[in-house]
Amino acid sequence: MAVLEQSGNTPGMVVQLNEKRKGESLWVESWRRLRRNKAAVVGGIIILLNLLVSIFAPVIALKPYDKQVLVDNNAAPEWVTKVFPNMKPREEGGYVTVNNSYPLGADQLGRDMFSRIVYGTRVSLTVAFVGPLVSILIGTTVGLIAGYFGGILDNLLMRLVEIMYAFPTLLFIILLMTFFRTSFANPEAGTLAYTLGQIDLASGGMLFIFIGIGLTSWMQMARLVRGQVLSVREQEYIEAAHAMGAQTGRVMFGHILPNILGPLIVAETLTIPTYISYEAFLSFIGLGVNPPTPSWGSMIAEGSRTISSYPNQAIFPALALFLIMFAFNFLGDGLRDALDPRMRGVD
Amino acid sequence: MGKFITRRILWMFLVLFVISLITFFLMRNVPGGPFAREKPLPEATVKLLNEKYNLDAPVVEQYLDYIGDIVLPRITTGKLTPSSAEDYLVSIPLSGSGEDQKTLQWINFGPTYKSRSRSVNDIFRENLPVSFQLGVAALTIALAIGVPLGTIAALKRNTIYDYIGMGTAILGVSFPVIITAPVLQYLFGVQWGLVPVTGWEGPQYAILPAFALGFVNAALIARLTRASLLQVLNEDYIRTARAKGLTERSVIVAHALRNSLIPVVTILGPLFAALVTGTFVVETIFGIPGMGRYFVTSITGRDYPVIMGTILLYAFFLVVMNLLVDLAYMWIDPRIRFD
């Protein structure tokens with residue numbers, strides 16, 4: 001019977017084999033489609049430029065990002081006072097100290113805004129690239145297990161996902177961040193808590209941001225992976241792998257995972273802007289990166305307090321944040337169209 | 001149908017219970033307490049405060065007390081003063097008067113440690129309506145812009161309308177409120193002086209924050225509407241509707257649009273819950289006395305009953321909205337059946 005079934009499937013297997021050989025060209029083809037998408041290319045270039053800025057930040061930034069020159073607090077260059085008409089220079093009877101050595105002005109502590117925005121690129125980009133890892137790790141594992149084993153395990157895990165969904169994400173992140181920040185503040189040397197606390201300090205407070213965001217946003221990934229596994233699980237090549245005596249782990253990670261990777265990449269790319277805005281939000285409320293590490297979110301928070309007098313202090317970091325979110329949105333959209341043309345225009 | 005709703009409501013209570021459990025024990029494990037100050041209070045004071053709020057009891061007992069105060073209705077005897085009535089959301093005088101006054105009281109979310117005269121219920125009464133109005137206004141703006149924009153983009157697919165519409169939508173989703181709020185505030189409040197910059201004293205104060213909140217969600221809804229309408233337009237029943245000679249207008253409005261609303265309705269549940277319970281960023285930037293700030297200040301100040309109250313309030317809105325969304329599915333698409 002099994003033999004008959006196998007022979008019955010021969011044409012299908014041939015297609016499978018051909019597809020395998022063409023497997024590389026599938027990515028090549030996606031790459032070609034992606035390059036044809038102008039919006040995605042623009043997005044990609046903006047991200048690359050940001051990447052360069054973050055790598056060469058010490059060269060690009062004119063001043064140290066944390067140096068406070070108190071006499072220059074709230075100073076602005078001439079062009080900024082022209083763009084924002086309510087910022088009248090002191091010479092013309094206004095209140096703004098004009099100082100052209102700050103390209104975008106200085107904040108209320110007299111720190112160079114331009115340098116802070118340049119260094120802020122590092123935080124946002126790290127969140128964009130490393131942030132999703134935790135949620136991918138948890139989400140993929142839960143989704144694979146639920147989809148592959150099914151039954152009670154599936155039921156339990158999916159109920160857990162449902163309960164987690166009912167938590168207000170941001171509130172849960174705040175609670176977790178407060179927990180991390182205070183629990184790992186002064187632990188004894190040599191313990192795991194100490195090591196984690198040190199890594200967090202070394203990363204300017206980013207480690208706990210990653211963990212916090214990851215722990216609250218893996219559910220969507222788990223659902224997606226589970227759905228994909230369910231549709232792939234019954235296909236012939238999985239049956240073939242089983243028949244050849246492959247272990248469960250090998251089937252899950254060696255056969256199923258690579259075949260559902262496309263939609264996962266697309267889904268993650270599309271959520272990158274969400275991670276970036278979470279970090280900005282956390283820094284906005286003061287639970288994000290440790291000061292004086294500059295983050296656009298905390299700059300917006302500080303700037304928006306004085307928006308009537310010094311709009312440049314909130315508007316410039318807001319524009320920087322917008323640019324990177326916009327770039328990732330366009331690239332994500334393009335990736336989706338390129339990797340899965342059937343999904344074109346479908347969310 | 002009845003069975004479905006019963007089961008869903010039971011499930012709702014289970015979810016709320018689990019959430020209260022996780023939150024309670026997580027927050028009690030966060031180091032620091034409600035009375036920790038930079039300059040520490042005298043030990044005796046802290047001890048008295050802990051006794052007053054029953055914080056020295058075993059945590060499990062505190063949890064049961066807390067849940068009991070919310071869930072169990074109780075009949076109290078004693079003079080009904082405004083403050084004793086306000087501690088409970090439901091307070092119905094039964095019989096007697098004066099000192100023998102018997103009152104049925106139900107749902108007490110506890111005190112707030114930060115103010116002696118206020119309770120969590122007071123916060124709900126005074127601050128929730130503000131956030132609610134703002135949230136409903138924002139949601140209305142999001143739907144009023146999003147659905148038409150997505151519909152036009154789908155109907156005029158691959159034309160200039162589609163590209164402009166969807167380009168705007170991608171721009172829109174790249175504008176989280178943390179960006180739109182200061183930019184709108186500067187342009188319309190400071191630069192052109194059309195609307196007040198901050199505060200909450202009249203309808204004109206709601207315009208900017210509602211648009212700041214509505215804009216990003218309008219973009220989200222526009223993209224969802226377009227994608228789902230495109231899918232629906234390929235369905236057989238649309239071809240049938242056209243074949244039987246319906247006008248294009250009634251094909252679109254009565255058949256296509258109605259069915260394409262399902263994904264939009266799906267996200268409306270969580271969106272509604274998030275918007276009406278307050279958004280910290282917008283309320284901070286525009287100085288609005290809503291619920292939003294309690295989501296943050298309660299946690300940083302370890303104001304335990306307020307943390308529980310805000311999380312449970314949000315979760316309650318969410319599970320109720322999700323139930324309504326499921327019921328709306330059946331109305332939108334009669335083929336959907338739950339059993």
Side-chain angles (χ1 to χ4, degrees), chain A residues 39 84-86 159-160 162-172 174-183 185 273-274 276-277 280-281 284-287 296-297 300-301 303-305 307-309 311 314-315 317-319 321-330 333 343-347, chain B residues 11-12 14-16 18-19 22-23 26-27 29-32 154 157 162 166-167 170-171 173-183 185-186 189-191 197-198 223-224 226-228 230-231 263 270 273-274 277 279-281 284-285 295-296 299-300 302 307 310-311 314-315 318-319 322:
Chain A
F84 300 102
N86 64 327
R159 289 293 92 82
L160 176 71
E162 236 170 272
I163 289 173
M164 291 294 298
Y165 256 119
F167 263 103
T169 312
L170 286 173
L171 204 61
F172 195 37
I174 301 171
L175 198 55
L176 279 175
M177 296 301 289
T178 318
F179 176 68
F180 288 142
R181 291 266 183 261
T182 44
S183 306
T274 319
I276 297 179
S277 65
F281 172 77
F284 183 94
I285 64 176
L287 283 172
W296 296 337
I300 295 175
S304 65
R305 270 182 233 132
I307 193 149
S308 314
S309 326
I315 303 279
L319 286 180
L321 186 61
F322 161 70
L323 200 64
I324 194 110
M325 301 246 326
F326 166 79
F328 272 109
N329 272 324
F330 264 138
D333 249 34
M343 298 272 289
R344 206 186 166 91
V346 180
D347 267 308
Chain B
W11 170 243
M12 259 168 52
L14 183 71
V15 169
L16 288 176
V18 174
I19 284 178
I22 297 178
T23 315
L26 184 62
M27 78 185 181
N29 277 311
V30 175
R157 195 185 177 187
D162 186 14
M166 285 305 105
I170 293 196
L171 279 180
V173 291
S174 312
F175 269 125
V177 287
I178 198 171
I179 302 175
T180 35
V183 171
Q185 195 181 32
Y186 172 71
V190 179
Q191 182 75 12
V197 179
T198 55
R223 292 175 63 165
L224 272 180
R226 174 181 180 271
S228 130
L230 280 180
Q231 240 175 4
T277 53
T279 46
F280 180 79
V281 175
T284 307
I285 291 182
F295 280 69
V296 179
I299 297 178
T300 46
R302 312 285 190 281
I307 302 181
T310 45
I311 289 208
Y314 176 94
L318 189 72
V319 287
N322 279 341

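Letters A, B, ... are given to chains in the order of the sequence lines, protein chains preceding strands, and every chain is numbered from 1.
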**Q** Got a sec, which residues hit side-chain contact (heavy atoms from CB on, under 4.5 Å) with Arg305(A), two or more places apart in sequence or on another chain?
**A** Glu302(A)
**Q** Do the ring planes of Phe330(A) and Phe326(A) sit parallel (below 30°), tilted (30 to 60°) or perpendicular (above 60°)?
**A** perpendicular
**Q** For the residue pair Phe280(B) and Phe281(A), does the interplanar ring angle fall in the parallel (under 30°), tilted (30 to 60°) or perpendicular (over 60°) class?
**A** perpendicular
**Q** Using non-hydrogen atoms only, which part of Leu318(B) is less than 4.5 Å away from chain A: side chain, backbone, both, or neither?
**A** side chain
**Q** At a 4.5 Å cut-off on heavy atoms, which part of Ile163(A) comes close to chain B: side chain, backbone, both, or neither?
**A** both
**Q** Checking heavy atoms, do the side chain of Val190(B), its backbone, both or neither come under 4.5 Å from chain A?
**A** side chain
**Q** Would Phe295(B) and Ile299(B) count as a side chain to side chain contact (heavy atoms under 4.5 Å, CB included) if you check the C-alpha gap in whole Å, the side-chain angles of each, and the deciding distance to 0.1 Å?
**A** CA-CA 7 Å; Phe295(B) 280 69; Ile299(B) 297 178; over 6 Å; no
**Q** Under 4.5 Å heavy-atom distance to chain A, tell me which part of Asn322(B) shows up: side chain, backbone, both or neither.
**A** neither
**Q** Hey, could you give me the CH2/CZ distance between Trp296(A) and Phe322(A), rounded to the nearest 0.5 Å?
**A** 12.5 Å
**Q** Can you tell me which portion of Ala274(B) sits under 4.5 Å from chain A's heavy atoms? Options are side chain, backbone, both or neither.
**A** neither
**Q** Is Gln185(B) reaching over with its side chain to a backbone N or O of Val197(B), donor-acceptor style, under 3.5 angstrom?
**A** yes
**Q** For a 4.5 angstrom cut-off between non-hydrogen side-chain atoms, does Asp333(A) reach Asn329(A)?
**A** no
**Q** How long is the gap from CZ on Arg159(A) to CH2 on Trp11(B), to the nearest 0.5 Å?
**A** 5.5 Å
**Q** Please look at Ile300(A) and chain B and tell me whether the side chain, the backbone, both or neither of the residue comes under 4.5 angstrom of a heavy atom of that chain.
**A** side chain
**Q** I need the residue from Leu16(B), Val15(B), Val296(B) with the largest number of non-hydrogen atom pairs under 4.5 Å to chain A.
**A** Val296(B)
**Q** Give the member of Leu321(A), Ile276(A), Leu323(A) that has the highest number of heavy-atom pairs under 4.5 Å with chain B.
**A** Leu321(A)
**Q** Among all residues two or more places apart in sequence or in another chain, which pass the side-chain contact (heavy atoms from CB on, under 4.5 Å) test with Asp162(B)?
**A** Ala153(B), Arg157(B), Asn158(B), Thr159(B), Met166(B), Arg226(B)
**Q** Which region of Thr277(B), side chain (C-beta onward) or backbone (N, CA, C, O), has a non-hydrogen atom less than 4.5 Å from a non-hydrogen atom of chain A, or is it both or neither?
**A** neither
**Q** Name the region of Tyr165(A), side chain, backbone, both or neither, that has any atom closer than 4.5 Å to a heavy atom of chain B.
**A** backbone
**Q** Looking at Thr23(B), Val319(B), Leu14(B), Leu26(B), which one has more heavy-atom pairs under 4.5 Å with chain A than the rest?
**A** Leu26(B)
**Q** Under 4.5 Å heavy-atom distance to chain B, tell me which part of Thr178(A) shows up: side chain, backbone, both or neither.
**A** both
**Q** Given a strict heavy-atom distance threshold of 4.5 Å, which part of Val18(B) is in contact with chain A: side chain, backbone, both, or neither?
**A** side chain
